[in-house]
Amino acid sequence: MIAAILFTISIAALGQFAVYYWRAVVTSVAAQPLSDRVKAAAGLASESIGATDFDAVMTLHDLTPSLKEHVGGLSLVRAYYRVIEALGRLAGTKMPSVAAWAQGEMATCSRYVAVLLDQQLERVMACAAEARSV
C-alpha cells in the first residue's frame, strides 16, 4: 500500500517536472530574437508577434521545407495553444486575470513557432547559398 502511494506521488512529481521543463524550453526559445522576414512572410502588420498570430505563423511553418529527415512536429504546442485559447474564452470577462494569463501564454506559443520558423528559414537560405556556390 505504501509502495503504491509512493509510486503515485513520484509519477505526479515527475509529470509536474516535465510540464515545467517543457514550458521553460518553450519560453526560452520564444525569447530569442526574431528577424523581420518572418513577420513579412506571415503578413503580420504589427511589430511584435501576438496571441492571435498563431494560426498565420503555424500555417507558414507547415508550408516551409525542412532539411531534416525526421522533424518533430509542433503538435504539443498546437494542442497547448488550443487548450489555453479555450480556457481564455471560458474565462472571458468573468475572470480577467485568467484571460490575461491565457493571452500571454498564447503569445508565447505564437512567438515560439515564429522563432522556429525563422531558424528553419535561415537553414534553408544557408543551404541554398551553399548550393549556389558549388
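Sequential numbering from 1 along the given sequence is applied to the chain's residues.
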> Checking Asp53 side chain against Gly50 main chain: does a donor-acceptor pair fall under 3.5 Å?
Replying inline: yes
>> As an exercise, state the distance from CD of Glu130 to CE of Met125, rounded to the nearest 0.5 Å.
In response: 14.0 Å
>> If I compare all heavy atoms of Leu116 with all of Val29, which pair ends up nearest, and what's the gap?
In response: CD2-CG1, 4.3 Å
> Taking atom CZ of Arg78 and atom SG of Cys109, what is their separation to the nearest 0.5 Å?
Replying inline: 11.5 Å
>> Please say yes or no: joined through hydrophobic side-chain contacts below 4.5 Å, possibly via intermediate residues, are Val19 and Leu74 part of one cluster?
In response: no
> Is the shortest heavy-atom distance from the side chain of Tyr80 to the side chain of Leu76 under 4.5 Å?
Replying inline: no
> Looking only at heavy atoms, what is the nearest atom pair of Ala99 and Gly92, with distance?
Replying inline: CB-O, 3.6 Å
> If you round to the nearest 0.5 Å, how far is OG1 of Thr108 from CD of Gln103?
Replying inline: 11.0 Å
> Any donor and acceptor pair, going by atom type alone, linking the side chain of Tyr81 with main-chain N or O of Ala51 inside 3.5 Å?
Replying inline: yes
> Is there a path from Val83 to Val26 through hydrophobic residues (I, L, V, M, F, W, Y) whose side chains come within less than 4.5 Å of each other?
Replying inline: no
> Taking Arg111 for the side chain and Thr27 for the main chain, is one N or O donor matched with an acceptor at less than 3.5 Å?
Replying inline: no
>> Is there a side-chain contact between Val77 and Trp22 in this structure, where contact means two heavy atoms from C-beta onward sitting under 4.5 Å apart?
In response: yes
>> Let's go through Ser35 and Asp118 carefully: what are the C-alpha distance in whole Å and the side-chain angles of both, what is the deciding distance for side-chain hydrogen bond (donor to acceptor under 3.5 Å, both in side chains) to 0.1 Å, and is it a yes or a no?
In response: CA-CA 7 Å; Ser35 69; Asp118 192 25; 2.7 Å; yes
>> What's the separation between atom CG in Leu60 and atom CD in Gln120, rounded to the nearest 0.5 Å?
In response: 9.5 Å
>> Membership question, hydrophobic clusters at under 4.5 Å side-chain separation (ILVMFWY): are Val98 and Ile84 in the same one?
In response: yes
> Do you know the tightest heavy-atom contact between Glu122 and Arg37?
Replying inline: OE1-NH2, 2.5 Å
> How far does CZ of Phe54 sit from NE2 of His61, to the nearest 0.5 angstrom?
Replying inline: 10.0 Å
> At what distance, to the nearest 0.5 angstrom, does CD1 of Ile49 lie from CG of Leu34?
Replying inline: 5.5 Å
